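All values reported here derive from a predicted model rather than from experimental measurement. Numbering of residues begins at 1 and proceeds along the displayed sequence.
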Amino acid sequence: MTLLAMSSLRHRVFWPPFIILILVCGYSLLDPPGTIKYLTELNAGMMGTFGWLFSVGALGFFLLCVVVYLSPLGRVRIGGAGAVPLLNRWRWFAITLCTTIATGILFWGTAEPLFHLHAPPPSLGLRPNSHEAGTFAVSTMYLHWSLIPYGIYTLAGLMFALTHYNLHQPFSLGSMLYPVLGQRAHTTLGSVIDAACLFCLVAGMAASLGAGILILAGGLEQLAEVPYGVGTLGAIALVVVAAFVVSAASGLMRGIRVLSEINVVVFAGLALFIFAFGPTAYLLSFGGEALGEFFQHFLQRSLIGTLTPDTAWARSWTIFNWTNWLAWTPITALFLGRIAVGYTVRDFIHFNLLLPSLFACLWIMIFSGSAIQMDHQSAGSPLYQVLNQEGGASRVIFALLARLPFSELTSFIFLGAAFLSYVTAADSNTAAMSSISTRGTLHPAGEPPVGVKVSWGILIGLIAWVMVSFAGEGKDKGLDGVKILSNLGGFPALILMLFVAWGMIKLMWKTSQLFGPDADPPHTKASST
């Protein structure tokens, strides 16, 4: 790290999480089994004590977004009545979608429903590999990847946007707690919050990078016969980290916009291809049936393992998903809030909750539905057999594409989409992490030193490689590492989000007092940037 970077550091924010994480990495390289054993025990203790709070909190955050949408606060324009948007609606949607989706749904979209098809929660009494189990599998994918997780992001991003632009608080995570703590949010307590959130995001980004590494390793083995092993995983981690560090170091908002727009087009093209050449009629009927079950059992399934005895299943899946989204939430909120200026609160909910959820549901209908159809209606459950091989979860999507026309071309396109997707998400978040680690770069237009960005990027890559290479046992041991990282990063973010929810309730209660005439603003035309 350069002398310029060192002189600009907020030492109480940067060093605590960085030192803790680097010590864990160093020890894990000396004793991988011992480190993983300790982290696994810590994770198990945390989930055993607070697992229910993740379920209740995640559902509560989504429901609070619904209340905000219907309340007078929904009419408030972010930045005030005269604020002009930074982005037009298409670019806003593209950046929001690609910043939030990362590699998660690309990895889990075809692999996760197969787990649920063949091992549904015991209390539901579903026969494995039955039509009912398949319907449950896809409805669960809707649950894990649409309304509730995007509700978490939306609540946090909206809180930051309102406090920063309308209440004129600094560009920092402490501003999200201003409605509850007042100016105390910017004292030593604010530094503690920033440091804790940096830890959350490093864990969350490492977990997501871990999933991306597994996808790329599985694809390279399938398409180019590159051996699947620790060395391959490390080389992939190095290339991905180098790409997103270079992208973040460029400091160009234009680059994020271009990558996002390319990603959305590639996503849409892949989905349309599988919809057209796959089991089209089945996808429409089965996807609609699963969507109906999703809404019918929404509250009960959201609290599975809390209202039902399926605690172990919930910790492996539903609660794991909430922790993963929560780990990304604090830093992602800064980025989502920053680009929302000029739009109303209801617009923010449209573009950060409703539209991404709709995209996710369409993706799940096509990809998850195709996986269920091909596995359930083919002799010997071929995709499930792939899943049960070493590194199988990362190969399911390529096995699915292999059963369709132009499989080599679409497989390479999918690999490129997975690579670009993570780079796009990591670009914005690495820059945000570095901004809150340094002085003088809290304004959205500022750029933190490159050395800080490189330091965070290398640390994220190292943690991801260690966890996917050495965590767990068996055919998909890398998944254990991804889940442990998500859980450990999600817990501090959950505590932060509980305070954010409290603050949002206070903002709704005092809307007219805090925002005045902005509660019913005139229409402002979006810019063409």
Side-chain angles (χ1 to χ4, degrees), residues 98 101-115 141 145 208-229 231-233 235-237 239-240 243 259 262-280 282-283 359-360 362-375 378 380-425 468 475-476 478-479 482:
C98 295
I101 206 168
T103 54
I105 202 170
L106 302 183
F107 180 84
W108 294 108
T110 51
E112 183 183 336
L114 296 178
F115 285 104
M141 291 297 294
W145 294 95
S208 186
L209 175 58
I213 291 170
L214 294 176
I215 287 178
L216 295 171
L220 289 174
E221 183 178 41
Q222 184 91 2
L223 301 174
E225 299 183 352
V226 176
Y228 186 98
T232 300
L233 296 173
I236 293 171
V239 171
V240 175
L259 286 176
I262 292 173
N263 267 344
V264 170
V265 172
V266 173
F267 289 158
L270 284 170
L272 288 173
F273 172 82
I274 293 181
F275 182 73
F277 289 93
T280 306
Y282 176 88
L283 295 179
F359 178 91
L362 291 173
W363 184 275
I364 289 164
M365 179 188 75
I366 294 170
F367 282 81
S368 299
S370 295
I372 294 294
Q373 190 271 345
M374 291 183 184
D375 192 70
S378 301
S381 298
L383 295 186
Y384 192 60
Q385 289 185 18
V386 172
L387 187 68
N388 281 301
Q389 299 171 3
E390 182 180 359
S394 62
R395 302 176 189 172
V396 171
I397 178 60
F398 301 104
L400 185 150
L401 293 173
R403 301 170 72 88
L404 298 173
F406 314 111
S407 60
E408 289 191 5
L409 176 61
T410 55
S411 294
F412 277 111
I413 291 174
F414 187 89
L415 273 179
F419 180 82
L420 287 178
S421 181
Y422 186 81
V423 169
T424 305
V468 299
K475 62 183 183 300
D476 264 321
L479 295 185
V482 170

If you compare all heavy atoms of [X] against all heavy atoms of [Y], which two are closest, and at what distance to 0.1 Å?
X	Y	value
Phe275	Met365	CE1-CE, 4.3 Å
Gly218	Ser394	CA-OG, 3.6 Å
Ala276	Thr280	O-OG1, 3.6 Å
Ala393	Leu387	CA-CD1, 3.6 Å
Gln385	Gly380	NE2-O, 2.6 Å
Ile366	Leu283	O-CD2, 3.7 Å

At what distance, to the nearest 0.5 angstrom, does [atom1] of [X] lie from [atom2] of [Y]?
X	Y	atom1	atom2	answer
Asp375	Leu400	CG	CG	10.0 Å
Asn263	Ser421	CG	OG	5.5 Å
Ile372	Ile364	CD1	CD1	12.0 Å
Leu272	Phe267	CG	CZ	13.5 Å
Thr110	Met374	OG1	CE	10.5 Å
Trp108	Ile215	CH2	CD1	10.0 Å

Val396 and Gln389: CA distance, side-chain angles, deciding distance, side-chain contact (heavy atoms from CB on, under 4.5 Å) verdict: CA-CA 10 Å; Val396 171; Gln389 299 171 3; over 6 Å; no
CA sep, side-chain torsions, deciding dist, call: Phe359, Val264, side-chain contact (heavy atoms from CB on, under 4.5 Å): CA-CA 10 Å; Phe359 178 91; Val264 170; 5.5 Å; no
Side chain of Thr232, backbone of Ala217: donor and acceptor closer than 3.5 Å?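 Side chain of Thr232 to backbone of Ala217: no pair is present.
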If only atom types and distance count, is the side chain of Thr410 paired as donor or acceptor with the main-chain N or O of Ser407 below 3.5 Å?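 Yes, Thr410 side chain to Ser407 backbone: donor-acceptor pair under 3.5 Å.
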State whether a side-chain donor-acceptor pair under 3.5 Å links Arg403 with Ser378.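 There is such a pair (donor and acceptor under 3.5 Å, judged by atom type) between the side chains of Arg403 and Ser378.
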Look at the aromatic rings of Phe414 and Phe398 and report parallel, tilted or perpendicular, splitting at 30° and 60°.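 Answer is perpendicular, since the angle exceeds 60°.
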Are the side chains of Phe367 and Ile397 in touch, meaning some heavy atoms are under 4.5 Å apart?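 Sidechains of Ile397 and Phe367: in contact.
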Going through the distances and angles, do Tyr384 and Asn388 end up as a side-chain contact (heavy atoms from CB on, under 4.5 Å)? CA-CA 6 Å; Tyr384 192 60; Asn388 281 301; 3.2 Å; yes
Working for side-chain contact (heavy atoms from CB on, under 4.5 Å), residues Leu106 and Trp363: CA-CA 9 Å; Leu106 302 183; Trp363 184 275; 3.4 Å; yes
Please enumerate all residues that pass ring pair (Phe, Tyr, Trp, His ring centres under 6.0 Å) together with Phe406, with sequence neighbours excluded.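 For Phe406, no residue satisfies ring pair (Phe, Tyr, Trp, His ring centres under 6.0 Å) once neighbours in sequence are set aside.
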